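Everything below concerns the one structure shown next.
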Amino acid sequence: MTKLRVGLLFGGRSGEHEVSINSARAIAKALSAEQNANKYEILPFYIQKDGRWLAGEAPEKVLETGTPLLESEQSTSVGNLTSNPQTQTLSKWQSPSQVAQVDVWFPILHGPNGEDGTIQGLLTLMQVPFIGSGVLGSALGMDKIAMKMAFEQAGLPQVKYKAITRAQVWSNPCVFPKLCDDIEAALGYPAFVKPANLGSSVGIAKVRSRQELEAALDNAASYDRRLVVEAGVVAREVECAVLGNDQPQASVVGEITYDSDFYDYETKYTEGRADLLIPAQLPDAIIRKIQDMALQAFAVVDAAGLARVDFFYVEATQEVFINEINTLPGFTATSMYPQLWAHSGVSFPELVDRLIQLALERHSPN
């Protein structure tokens, strides 16, 4: 039986580089599991933080150790090119020759330049199947403003928000106070200030006063030229995973609990700071509503393969607000997406297998 060669693409230039490595390690382990070992061959490709692609021994070492390559190790890889053709480090505008051997791509690049449509456009031009959403679904899923506009058009309930640009924040002293006045009048406090195009809660701040608002807007503007400010809401944070293409399925619903003020980067990635409760203890009608809304959001942005959809559930009023869709969620063994499917009866190795088959199905010429 000829094995399908899976190009496992990880690392990347975003602040979620290390998260990508951890996801790739879990996927590599699943591809090597007994039920998949005879079907798939792993071809790992590691994108350094400066954007250069590595193939051969270098990405295998990163997968083995779980740590990014150091500057000295990157230099060594370059120096060994002639003596070891299996390891290639090229300029930012070249890709290793092993790229031509890939039958299906498994990109697991989180954040900008990974789940925003850029790498998906490149893989589309390669004319090779790949896991996950295409350019449109990825771009809409990444940009919080475009996403919210799409959700609004579809009638999906959301908390109040305002879209802001960096130019408005870094404008003259006469314009900025008026901007803050408008935000306070529309949303009140507390509110959340977010860069529109960063993942993993990077650059997000909870604000309760004019002084905090001004500082948070200035900080968020340093990350992105597009910002969004959302009204705060007292709610439970729940999530639902989606799997499929044109006939997707929704998983059981999970809940995130934590002791910190909000689900920021440190809480998200520090062990013991947050708990995942699966399945979430919710009324059956609310569970069905969340699952239906997750499937609707998946269709609205034209997602494919996989996505995790996050919600706010206001117990006092029984309201459910959609927060966001993540078209390339964290994929470690302890991440919410695979755990939701594990509790829905789909093991990690089976989930990886199904995603590859969905990629082949979606990109089939028939």
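Residues take their numbers from the sequence shown, with the count starting at 1. Owing to the predicted nature of the structure, the values given are computational and were not obtained by experimental measurement.
The minimum heavy-atom distance between Gly114 and Leu328, with the atom names listed, is O-CD2, 4.0 Å. Of all heavy-atom pairs spanning Ser32 and Ala37, the tightest one is O-CB, 3.8 Å. Across Lys160 and Ala186, no two heavy atoms sit closer than the pair CD-O, 3.8 Å. When every heavy atom of Ile145 is checked against every heavy atom of Leu227, the shortest pair comes out as CD1-O, 3.3 Å. Here the shortest heavy-atom pairing between Pro59 and Tyr46 reads CB-CB, 3.6 Å. In terms of heavy atoms, Ile108 sits closest to Pro329 at CD1-O, 4.3 Å.
Between the side chain of Asn36 and the main chain of Pro349, a donor-acceptor pair closer than 3.5 Å is present. Judged by distance alone, with hydrogens and angles left aside, the side-chain atoms of Ser20 form a donor-acceptor pair with the main-chain N or O of Gly11 at under 3.5 Å.
Evaluation of the side chain to side chain donor-acceptor pair (under 3.5 Å) test over residues 278-307, restricted to residues two or more places apart or in two chains, returns none. For residues 116-143, the pairs satisfying side chain to side chain donor-acceptor pair (under 3.5 Å) are Asp116-Thr118, Asp143-Asn197, Asp143-Arg226, with sequence neighbours left out. Applying the side chain to side chain donor-acceptor pair (under 3.5 Å) test to every pair with at least one member in residues 346-357, sequence neighbours left out, gives these pairs: Lys39-Asp353, Tyr40-Asp353, Tyr40-Gln357, Gln249-Arg354.
A 4.5 Å side-chain heavy-atom check between Val128 and Asp103 finds every atom pair outside the cut-off. Taking 4.5 Å as the limit, every side-chain heavy atom of Arg5 sits out of range of all side-chain heavy atoms of Val102. Side-chain contact between Val309 and Met293 is absent, with no heavy-atom pair separated by less than 4.5 Å. With a 4.5 Å cut-off on side-chain heavy atoms, Asn323 and Phe311 do not count as touching. The closest side-chain heavy-atom distance from Pro157 to Phe312 is not below 4.5 Å. Looking at Asn113 and Ile119, their side chains never come closer than 4.5 Å, going by heavy atoms from C-beta outward. By the 4.5 Å heavy-atom criterion applied to side chains, Ile131 and Leu358 are not counted as neighbours. The side-chain heavy atoms of Asp310 and Ile325, taken from C-beta on, include no pair separated by under 4.5 Å.
Among residues two or more places apart in sequence or in another chain, the ring-ring contact (aromatic ring centres under 6.0 Å, His included) test is passed with Phe331 by Tyr337, Phe348. For Thr67, the side chain to side chain donor-acceptor pair (under 3.5 Å) criterion is met by Thr65, not counting sequence neighbours. Glu152 meets the salt bridge (Lys or Arg N to Asp or Glu O under 4.0 Å) test with no other residue; sequence neighbours excluded. Not counting sequence neighbours, the partners of Asp181 by the salt bridge (Lys or Arg N to Asp or Glu O under 4.0 Å) test are Arg210. For Leu179, the side chain to side chain contact (heavy atoms under 4.5 Å, CB included) criterion is met by Ile164, Gln168, Val169, Phe176, Ile183, not counting sequence neighbours. Judged as a ring-ring contact (aromatic ring centres under 6.0 Å, His included), and not counting sequence neighbours, the contacts of Phe130 are His363. Judged as a side chain to side chain donor-acceptor pair (under 3.5 Å), and not counting sequence neighbours, the contacts of Glu255 are Arg236. Legend: residues meeting side chain to side chain donor-acceptor pair (under 3.5 Å) with Thr332, ordered by chain and number and at least two apart, are Thr334, Ser335. Not counting sequence neighbours, the partners of Phe45 by the ring-ring contact (aromatic ring centres under 6.0 Å, His included) test are Trp105.
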inquiry  = Working note: Leu282 + Ile290, criterion side-chain contact (heavy atoms from CB on, under 4.5 Å); need CA distance, chi angles, decisive distance, verdict.
reply    = CA-CA 10 Å; Leu282 299 168; Ile290 290 169; 3.9 Å; yes

request  = Starting from the C-alpha separation in whole Å, work towards a yes-or-no answer on side-chain contact (heavy atoms from CB on, under 4.5 Å) for Phe10 and Ile27.
outcome  = CA-CA 11 Å; Phe10 64 101; Ile27 292 166; over 6 Å; no

message = side-chain contact (heavy atoms from CB on, under 4.5 Å), that's the test. Do Phe192 and Val207 meet it? Break it down for me.
response = CA-CA 6 Å; Phe192 289 88; Val207 299; over 6 Å; no

query = What's the verdict on salt bridge (Lys or Arg N to Asp or Glu O under 4.0 Å) for Lys148 and Glu230, showing C-alpha distance, side-chain angles and the deciding distance?
reply = CA-CA 11 Å; Lys148 287 178 177 295; Glu230 298 174 356; 3.0 Å; yes

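Hydrophobic clustering of Ile, Leu, Val, Met, Phe, Trp and Tyr side chains at less than 4.5 Å, counting indirect connections, keeps Tyr223 apart from Val193. Ile278 is connected to Tyr258 through a chain of hydrophobic side-chain contacts under 4.5 Å among Ile, Leu, Val, Met, Phe, Trp and Tyr, so both are in one cluster. In the hydrophobic clustering of ILVMFWY residues, with side-chain heavy atoms under 4.5 Å counting as a link, Ile287 and Val242 come out together. Linking ILVMFWY side-chain heavy atoms closer than 4.5 Å, directly or via other members, places Ile286 and Val314 in two distinct hydrophobic clusters.
A salt bridge does not link Glu64 to Arg25: none of the charged nitrogens lies less than 4.0 Å from a carboxylate oxygen. Ionic pairing of Glu239 and Arg308 is present here: one or more N-O contacts between side-chain nitrogen and carboxylate oxygen are shorter than 4.0 angstrom.
Rounding to the nearest 0.5 angstrom, the gap separating the NE2 atom in His343 from the CG atom in Leu277 is 10.0 Å. In this structure, CG on Leu355 lies 11.0 Å from CG on Leu360, to the nearest 0.5 angstrom. Between atom CZ of residue Phe151 and atom CG of residue Leu140 there is a gap of 8.5 Å, rounded to the nearest 0.5 Å.
Between the side chains of Glu237 and Tyr313, no donor N or O sits under 3.5 Å from an acceptor N or O. No side-chain donor from either of Ser14 and His110 sits under 3.5 Å from a side-chain acceptor of the other.
For Lys178, the NZ atom is loosely surrounded, since the number of other residues' heavy atoms within 6.0 Å does not exceed 12.
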